[in-house]
Protein chains: 2
Amino acid sequence: MFSDATISRLPLYLRELQQLQRAGSSRVQSGVLARRLGLNDSQVRRDLSGFGPLGQRGVGYEIRALIETIQNTLGGNRSWNVILVGVGNLGTALSGYRGFEQQGFRLVGAFDTDPRKVGKRLGTLEIQPLDHLEDFIQSEEVELAILSVPAAAAPSVAQRLELVGITGILNFAPITVTPPQSSVTIVNVDLAVELQRLAYAVLTSKKEAGETD
Amino acid sequence: MFSDATISRLPLYLRELQQLQRAGSSRVQSGVLARRLGLNDSQVRRDLSGFGPLGQRGVGYEIRALIETIQNTLGGNRSWNVILVGVGNLGTALSGYRGFEQQGFRLVGAFDTDPRKVGKRLGTLEIQPLDHLEDFIQSEEVELAILSVPAAAAPSVAQRLELVGITGILNFAPITVTPPQSSVTIVNVDLAVELQRLAYAVLTSKKEAGETD
DNA sequence: TAGATTGTTAATCGATTAACAATC
DNA sequence: TAGATTGTTAATCGATTAACAATC
């Protein structure tokens with residue numbers, strides 16, 4: 001129904017639409033979305049046409065309907081129970097990240113091996129020891145895990161999560177984690193990668209501009 | 001020389017190669033890299049062939065040479081001075097992120113508007129007020145900025161950064177920031193987007209497996 | 001009706017991949 | 001030499017985009 005390329009843009013449309021809605025708009029045109037996201041307007045219409053006829057010719061798209069439809073497609077229009085494994089600097093930051101809650105992701109548990117952290121609070125949650133992982137995941141029907149442990153620990157923790165039935169892992173540890181078996185989907189996020197892409201883009205835009213540097 | 005698709009994979013190769021090197025390997029084959037990154041081996045060879053003949057037929061690629069070449073291409077084989085604007089939870093986490101230093105990015109300054117934060121230490125740095133931004137950027141030859149301020153403040157801070165000559169901004173604020181003029185390159189990182197992609201991947205892999213849910 | 005914008009087609013463009021000769 | 005793996009071609013596949021009829 002949707003190509004991979006389209007799927008990867010749906011979250012971007014969603015964010016932009018929510019921004020427009022908050023700013024008071026109720027309708028939007030393909031050209032507006034395209035400009036704001038640096039895309040082509042044909043591309044936007046083609047992406048959105050996968051939902052069936054949603055727009056009105058001559059008028060545009062109803063923002064509210066678009067948001068609901070995209071959310072339905074992306075997240076099944078339901079909330080997901082998420083746990084955080086590894087409450088270091090990054091883990092703490094991620095737990096406070098507004099965007100997650102907004103998009104239907106509920107942080108229901110936080111885990112760390114460090115005995116000094118266990119028992120402390122993280123927002124409204126109490127940090128639990130890693131031993132509790134298995135019981136908690138089963139009793140709370142947790143499906144997704146955010147992994148922010150040190151690189152060295154990441155593969156073994158990922159394996160443990162898979163064994164107990166976690167279906168998706170968002171890995172922030174600076175190491176590529178591949179699924180031990182294939183019952184779990186792992187998305188690796190590398191923050192340094194983004195900075196490298198930025199540096200490359202800056203270098204090439206300078207070259208284009210004719211600077212010698 | 002390199003397609004966009006190839007460029008976006010170079011940082012992934014780099015990370016994988018550094019991991020292999022740390023594990024004691026000195027050579028690697030296209031098939032090995034492909035498997036570890038979920039790519040096709042032809043694709044890996046094609047990507048790497050842009051550097052000229054680097055591999056040895058029948059043997060593979062020298063890891064050390066590959067790393068150096070990729071680093072050269074991506075970052076100009078030099079270090080970049082980076083500042084952090086917005087020292088909240090996320091900013092603090094980013095400042096401690098190992099991956100940045102490893103890839104040649106040096107955090108040279110940290111800024112926040114909050115008077116209670118100004119003067120405090122962040123690692124080896126002292127947090128400065130936003131007023132110091134312009135002077136600091138010019139005297140320290142800062143080129144890149146990591147933006148982790150609240151969404152509402154992001155566009156105006158981005159504009160300020162552009163005016164004073166910053167050439168690249170990595171934006172973590174949960175809002176799409178587009179360059180006011182075109183003298184700056186902005187890369188928007190949305191952490192919730194990754195979680196949404198994961199959720200979608202989980203949903204579709206379930207459907208494929210025939211679960212009704 | 002006149003103006004605007006969608007939905008969709010067809011053409012173009014670019015990226016992936018299988019295959020294999022070259023060669024270490 | 002025999003085995004392995006690169007570098008590169010050619011074919012395939014998929015994604016983007018211009019264009020325009022449909023229609024609000």
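In what follows, chains carry the letters A, B, and so on, assigned in the order in which the sequence lines appear, proteins first and then strands, with residues in each chain numbered from 1.
The distance between atom CG of B:Asp47 and atom P of D:dT8, rounded to the nearest whole Å, is 14 Å. In this structure, A:Gln29 atom CD and C:dG3 atom C1' are separated by 13 Å, rounded to whole Å. One can place CZ of B:Phe2 at 17 Å from C1' of C:dG14, the figure rounded to the nearest angstrom. The distance between atom CG of A:Leu54 and atom P of C:dT5, rounded to the nearest whole Å, is 17 Å. A straight line from CG of A:Asp41 to C1' of D:dA19 spans 11 Å, rounded to a whole angstrom. When rounded to the nearest whole Å, the span between CD1 of B:Ile7 and P of C:dA15 equals 11 Å. Atom OH of A:Tyr61 and atom P of D:dC24 are 14 Å apart (whole Å). Between the CD atom of A:Glu62 and the C1' atom of C:dT6 there is a distance of 15 Å, rounded to whole Å.
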Checking side chain to side chain contact (heavy atoms under 4.5 Å, CB included) for the pair B:Glu143/B:Asn81: CA distance, chi angles, key distance, verdict?
-> CA-CA 6 Å; B:Glu143 286 166 289; B:Asn81 288 342; 5.7 Å; no
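Among the nucleotides C:dT5, C:dC24, C:dA19, the one closest to any side-chain atom of B:Arg45 is C:dA19. Picking from C:dG7, C:dA18, C:dC24 the nucleotide with the shortest atom distance to the side chain of B:Asn40 gives C:dA18. Minimum atom distance to the side chain of B:Arg57 is reached by C:dC24, of the listed C:dT17, C:dG7, C:dC24. The side chain of B:Gln43 sits closest to C:dT16 out of C:dT16, D:dG7, D:dA15. The listed nucleotides are D:dC24, C:dA18, D:dT8; the one nearest the side chain of B:Arg46 is D:dT8.
Using N1 to N3 plus N6-O4 or O6-N4 for Watson-Crick, or N1-O2 and O6-N3 for G-U wobble, each under 3.5 Å, D:dT8 pairs with C:dA19. In this structure, D:dC24 forms a base pair with C:dG3, meeting either the Watson-Crick or the G-U wobble geometry with both donor-acceptor distances under 3.5 Å.
A donor-acceptor pair under 3.5 Å links the side-chain atoms of A:Asn171 to the main chain of A:Ile175, judged by distance alone. A:Arg160 contributes a side-chain N or O that, together with a main-chain N or O of A:Leu130, makes up a donor-acceptor pair within less than 3.5 Å.
Take the nearest nucleotide of DNA chain D for B:Gln56 and for A:Gln56: the residue whose nucleotide is more 5' is B:Gln56. With the nearest nucleotide of DNA chain D identified for both A:Gly58 and A:Ser42, A:Ser42 has the one nearer the 5' end.
Side-chain nitrogen and oxygen atoms of B:Arg27 include none within less than 4.0 Å of the OP1 or OP2 phosphate oxygen of D:dT6.
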Per-pair distances, 0.1 Å, donor-acceptor, side chain in residues 25-34 of chain B, under 3.5 Å, sequence neighbours excluded:
{"unit_1": "B:Gln29", "atom_1": "NE2", "unit_2": "B:Val59", "atom_2": "O", "d": "2.7"}
{"unit_1": "B:Ser30", "atom_1": "OG", "unit_2": "B:Arg45", "atom_2": "NH1", "d": "3.0"}

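Residue A:Ser30 is in sugar-phosphate contact alone, with no base atom involved, counting any heavy-atom pair closer than 4.0 Å across all strands shown.
Ring to ring, A:Phe2 and A:Phe51 are close: their centroids are under 6.0 angstrom apart.
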